Amino acid sequence: MEFFCYHRDRTDSLALRDELLEEHWSYMDGYGAEMIARGPTMAVDGETPTGSVHIVDLPDPAAARAFAFDEPGYQAGVYRDVMLRRWRNILGRTMWDFPGGETDGNRYLVLGLGAGKAADLDVPPEQDELIAYGPLLSDDGASRLGTAALVRAADPETARAVLAQDRYRYRYRYTDIEVHNWQFGGRS
């Protein structure tokens, strides 16, 4: 089962986050074989982390909760909240398989939130720029709660268009679409 996990940083937790960086990486190294994608979201300045995204393939929701809540930064209070959802890897690859490489162009996390018919299971036409893409699902996989995508794009508006609300007119509308600067994560 694949899971999307997004730890959002608390305000003023940067020093603690930096202090725990090696512990965080060591913890994630233990999930290397299960990792589909990982990396920090960043503030507009491109330097300040605002969260941490991990997409992992784990046996069940209990294992996913353990992954999310045993993470050293979570245990120490770095994060203000955690979004943990089942996810389906529509592209069938990891971020390391993305043909665009790790550093070329701007990268974004795009979250479309809202329940409804699973209208966006088809890969968008801009698939060459998609790093990861799939629906956010309930624990049992029966209910659709939105979509999560990692995308290379010229700017936030272009990234947002991957989940353009009018593309699924009459079938599905997101209640909110979030766009966050994102970069490939892990050890260099």
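Remember, it's a predicted structure, so these values are computed and weren't measured experimentally.
- In terms of heavy-atom proximity, Ser13 sits nearest to Asp9 at OG-CB, 3.8 Å.
- Classification of the Tyr79-His7 ring pair by plane angle, with boundaries at 30° and 60°, yields tilted.
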Scan the side chains in residues 29-40 for donor-acceptor partners under 3.5 Å anywhere in the protein, sequence neighbours excluded, and list what turns up.
unit_1 : atom_1 : unit_2 : atom_2 : d
Asp29  : OD2    : Arg187 : NE     : 2.7
Asp29  : OD2    : Arg187 : NH2    : 2.8

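- Between His24 and Val78, the closest side-chain pair of non-hydrogen atoms is not below 4.5 Å.
- The minimum heavy-atom distance between Arg107 and Phe98, with the atom names listed, is NH1-CE2, 3.8 Å.
- Exactly one of Leu145, Leu163, Leu136, Thr147 qualifies for a side chain to side chain contact (heavy atoms under 4.5 Å, CB included) with Leu113. That residue is Leu136.
- Residue Leu21 is not grouped with residue Leu14 when hydrophobic side chains (ILVMFWY) are merged at heavy-atom distances under 4.5 angstrom, including chains of intermediate members.
- Counting heavy atoms of neighbouring residues, nucleotides and ligands inside a 6.0 Å radius, atom CG of Asp12 does not exceed 12 of them.
- Looking at every heavy atom in both residues, Ala159 comes nearest to Val110 through O-CG2, 3.6 Å.
- Using a 4.5 Å heavy-atom threshold, the side chains of Pro61 and Met1 count as touching.
- Among all heavy-atom pairs drawn from Gly134 and Trp87, the shortest one is O-NE1, 3.2 Å.
- The hydrophobic clustering, which links ILVMFWY residues whose side-chain heavy atoms are closer than 4.5 Å, places Leu137 and Ile177 apart.
- Side-chain N or O atoms of Arg86 include one that pairs as donor or acceptor with a backbone N or O of Asp139 at under 3.5 Å.
- Clustering ILVMFWY residues whenever any of their side-chain heavy atoms sit less than 4.5 angstrom apart, transitively, puts Met83 in the very cluster that holds Leu58.
- The backbone N or O of Ala15 sits nowhere less than 3.5 Å from a side-chain atom of Asp18 that would complete a donor-acceptor pair.
- Note: Tyr74 and Phe69 meet the aromatic proximity criterion, with ring centroids under 6.0 Å apart.
- Glu23 has its side chain out of reach of Gln75: every pair of non-hydrogen atoms, C-beta onward, lies at least 4.5 Å apart.
- Shown here for Ala154 and Asn106, the closest heavy-atom pair between the two residues is O-ND2, 2.9 Å.
- Note that NE2 of His180 is 4.0 Å distant from CD of Glu178, once rounded to the nearest 0.5 Å.
- Separating the CZ atom in Arg85 from the SG atom in Cys5 is a distance of 10.5 Å, to the nearest 0.5 Å.
- When hydrophobic clusters are built by joining Ile, Leu, Val, Met, Phe, Trp and Tyr residues whose side-chain heavy atoms come closer than 4.5 Å, directly or via intermediates, Leu84 is grouped together with Tyr27.
- At distances below 3.5 Å, at least one donor-acceptor pair connects side-chain atoms of Arg10 with backbone N or O atoms of Gly77.
- Note: Glu2 CD to Arg88 CZ = 8.5 Å, rounded to the nearest 0.5 Å.
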Under 3.5 Å, sequence neighbours excluded: what are the donor-acceptor pairs made by side chains of residues 49-56?
unit_1 : atom_1 : unit_2 : atom_2 : d
Thr50  : OG1    : Thr41  : O      : 3.3
Thr50  : OG1    : Thr41  : OG1    : 2.8

Using the rule given for side chain to side chain contact (heavy atoms under 4.5 Å, CB included), can you reason through Met95 versus Leu150, listing the C-alpha separation, both sets of side-chain angles and the distance that settles it, and then say yes or no? CA-CA 9 Å; Met95 72 179 202; Leu150 299 173; 5.6 Å; no
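- Hydrophobic cluster membership is shared by Ile131 and Met28, with clusters built from Ile, Leu, Val, Met, Phe, Trp and Tyr side chains linked at under 4.5 angstrom.
- In the model, Thr158 has no side-chain atom that pairs as donor or acceptor with a side-chain atom of Tyr108 under 3.5 Å.
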